[in-house]
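Notes follow the structure.
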Amino acid sequence: MRRLLLMTIIAGLAAMGACRKKKGPADVDTAKPDSSLLSQLNMSALVNTVEWKTDSAYSYKVVNSGGDTSIFNLMVIATQEKDNQRSTINISITDFKGKGTYKIDPPINTATYYSGNIRHYASTGNFVVVTDTGSLYKGTFNFVADTVSVIDGKFSIAKP
């Protein structure tokens with residue numbers, strides 16, 4: 001009986017050790033700074049008919065956790081500081097494949113507009129990659145988030 005109990009404890013500890021997550025940061029690639037591209041990175045839109053523009057937009061490649069490294073998500077974050085107010089547009093595209101049209105359709109593909117600490121989740125919209133230059137993605141976007149309408153969006157982001 002003691003032997004059975006000891007074997008059960010050892011098997012349980014081995015199973016717990018096998019399920020442990022890998023230590024370290026998440027498997028994410030970010031667009032590396034490239035001074036030759038800096039002047040080309042931007043994002044703009046009309047937010048409730050008011051011009052929204054930033055001179056920097058950051059892109060991240062998030063590898064799927066299922067172990068299939070050919071599938072990844074694209075995350076784009078751009079922040080504007082204007083009149084001591086901060087606003088951010090955050091777009092996340094699941095199973096990103098490059099050029100094409102991606103429908104904003106939560107929870108698969110999402111867009112969020114932050115005005116200060118107030119978060120507005122998009123319910124509909126589009127993210128369209130028109131050009132892949134090899135080092136940049138360029139395209140358009142639009143979405144509706146609660147009472148916020150983001151239209152005529154344009155982006156030029158570094159490929160992560």
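- A distance of 5.0 Å separates CG of N109 from OG1 of T94, quoted to the nearest 0.5 Å.
- Here the straight-line distance linking atom NE2 of H120 with atom OG of S149 works out to 12.5 Å at 0.5 Å rounding.
- Taking OH of Y121 as the start and OG1 of T112 as the end, the distance is 6.0 Å to the nearest 0.5 Å.
- The two atoms that bring F141 and K154 nearest to each other are CE2-N, 3.5 Å, heavy atoms only.
- Side chain to side chain, T79 and T88 meet the donor-acceptor criterion of an N or O pair below 3.5 Å.
- Taking both residues in full, the closest heavy atoms of V129 and G98 are given as CB-O, 3.8 Å, listed atom of the first, atom of the second, then distance.
- Between A78 and T54, the closest heavy-atom pair is CB-CG2, 3.6 Å.
- Here CG of D152 is found 9.5 Å from OG1 of T140. Values are rounded to the nearest 0.5 Å.
- Between K103 and the choices I108, V128, N126, the side-chain contact (heavy atoms from CB on, under 4.5 Å) rule is met once, by N126.
- Nearest heavy-atom pair across I104 and F127 is CD1-CB, 4.4 Å.
- Remark: D95 engages K97 in a salt bridge (Lys or Arg N to Asp or Glu O under 4.0 Å) (not counting sequence neighbours).
- Contact record, I89 with M43: CG2-CE, 3.9 Å, taken as the closest heavy-atom pair.
- Y114 and I151 fall into different hydrophobic clusters, where Ile, Leu, Val, Met, Phe, Trp and Tyr residues are linked whenever their side-chain heavy atoms come under 4.5 Å apart, directly or through other members.
- Distance NZ/K138 to OG/S156: 4.5 Å, rounded to 0.5 Å.
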Q: I would like to know whether W52 and S87 meet side-chain hydrogen bond (donor to acceptor under 3.5 Å, both in side chains); could you show each step before the answer?
A: CA-CA 9 Å; W52 187 95; S87 58; 2.7 Å; yes
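- Within the 4.5 Å cutoff, no side-chain heavy atoms of K53 are placed close to those of N42.
- In plain terms, the two heavy atoms of E51 and K82 that are nearest each other are O-NZ, 3.9 Å.
- In this structure, OG on S59 lies 8.0 Å from CG on L41, to the nearest 0.5 angstrom.
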Open item on the list: Determine whether F96 and Y137 satisfy the following criterion, ring-ring contact (aromatic ring centres under 6.0 Å, His included), listing intermediate values before the conclusion.
Closed with: CA-CA 12 Å; F96 183 74; Y137 290 127; 5.1 Å; yes
